[in-house]
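For reference, the structure is listed below as structure tokens.
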Amino acid sequence: MKTKHIPAMVMLIAGFAMCIISFVNDFSFSFFIRAMFFALLGFYILGYIIKIVLDINITKMNEDELTADDLGFTDGEILEDVDLEVIEDGQE
């Protein structure tokens, strides 16, 4: 999953919401500019934190997956030096 664009998307959604709120509440232009700057900055930082958390979790999930090499398969053949026990259903 690509997480590169998450901070920008969170920031743009917050900016859109800020525009709607300022239009409804009839903010002055100078107050709107200052509030918009701090809102965009804060939500960019929040989006970056979300990106970092997602990247860490995705990396952990990718490390936990088994590959064919881990199971002893290479080019469709089974390596003889790998000891794997096969447990059939119903046996303990």
Side-chain angles (χ1 to χ4, degrees):
M1 180 171 140
K2 295 183 181 182
T3 58
K4 179 180 177 182
H5 302 293
I6 289 177
M9 294 299 290
V10 170
M11 182 180 71
L12 288 174
I13 291 169
F16 179 71
M18 181 70 187
C19 286
I20 300 296
I21 291 169
S22 67
F23 182 73
V24 169
N25 292 331
D26 197 30
F27 290 162
S28 68
F29 185 71
S30 62
F31 179 75
F32 169 72
I33 294 297
R34 282 183 272 135
M36 179 66 87
F37 174 75
F38 289 117
L40 292 179
L41 183 65
F43 277 97
Y44 181 79
I45 293 169
L46 179 68
Y48 196 76
I49 292 170
I50 292 170
K51 176 192 174 306
I52 290 171
V53 168
L54 286 175
D55 285 340
I56 290 171
N57 287 332
I58 290 171
T59 304
K60 284 182 183 178
M61 284 186 349
N62 288 341
E63 289 176 356
D64 292 341
E65 291 179 4
L66 293 176
T67 62
D69 292 334
D70 295 336
L71 297 176
F73 295 99
T74 55
D75 296 331
E77 297 178 6
I78 298 176
L79 296 177
E80 297 297 328
D81 60 310
V82 177
D83 293 332
L84 296 175
E85 293 182 12
V86 178
I87 300 175
E88 295 179 9
D89 292 337
Q91 290 183 342
E92 293 181 19

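It should be emphasised that the depicted structure is a prediction, and the values quoted were computed from it without experimental measurement.
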Legend entry - Inter-residue atom distance F37.CZ - L41.CG, 0.5 Å rounding: 5.0 Å
Inset, instruction - Determine whether I56 and I49 fall in the same hydrophobic cluster, where Ile, Leu, Val, Met, Phe, Trp and Tyr are linked whenever their side-chain heavy atoms lie under 4.5 Å apart. - result: no
Inset, instruction - Check whether more than 12 heavy atoms from other residues, nucleotides or ligands sit under 6.0 Å from atom CZ of F27, and answer yes or no. - result: yes
Inset, instruction - Drop me the distance from T59's OG1 to D55's CG, to the nearest 0.5 angstrom. - result: 6.0 Å
Inset, instruction - Establish whether F43 and I50 are linked, either directly or via other cluster members, by ILVMFWY side-chain heavy-atom contacts under 4.5 Å. - result: yes
Legend entry - Distance, nearest 0.5 Å, that separates CE of M9 from OG1 of T3: 13.5 Å
Legend entry - Interatomic spacing from CD1 in I58 to NZ in K51 - rounded to 0.5 Å: 9.5 Å
Inset, instruction - Say whether L54 and L46 are linked into one hydrophobic cluster, either directly or through other cluster members, by side-chain heavy-atom distances under 4.5 angstrom. - result: yes
Inset, instruction - Check whether any side-chain heavy atom of L40 lies under 4.5 Å from a side-chain heavy atom of Y44, and answer yes or no. - result: no
Legend entry - Shared hydrophobic cluster, M11 / F32 (ILVMFWY, side-chain heavy atoms < 4.5 Å): yes
Inset, instruction - Taking all heavy atoms of G15 and all of M36, pick out the closest pair and write down the distance. - result: O-CE, 3.6 Å
Legend entry - Within one Ile-Leu-Val-Met-Phe-Trp-Tyr cluster: V53 and V10, side-chain cutoff 4.5 Å: no
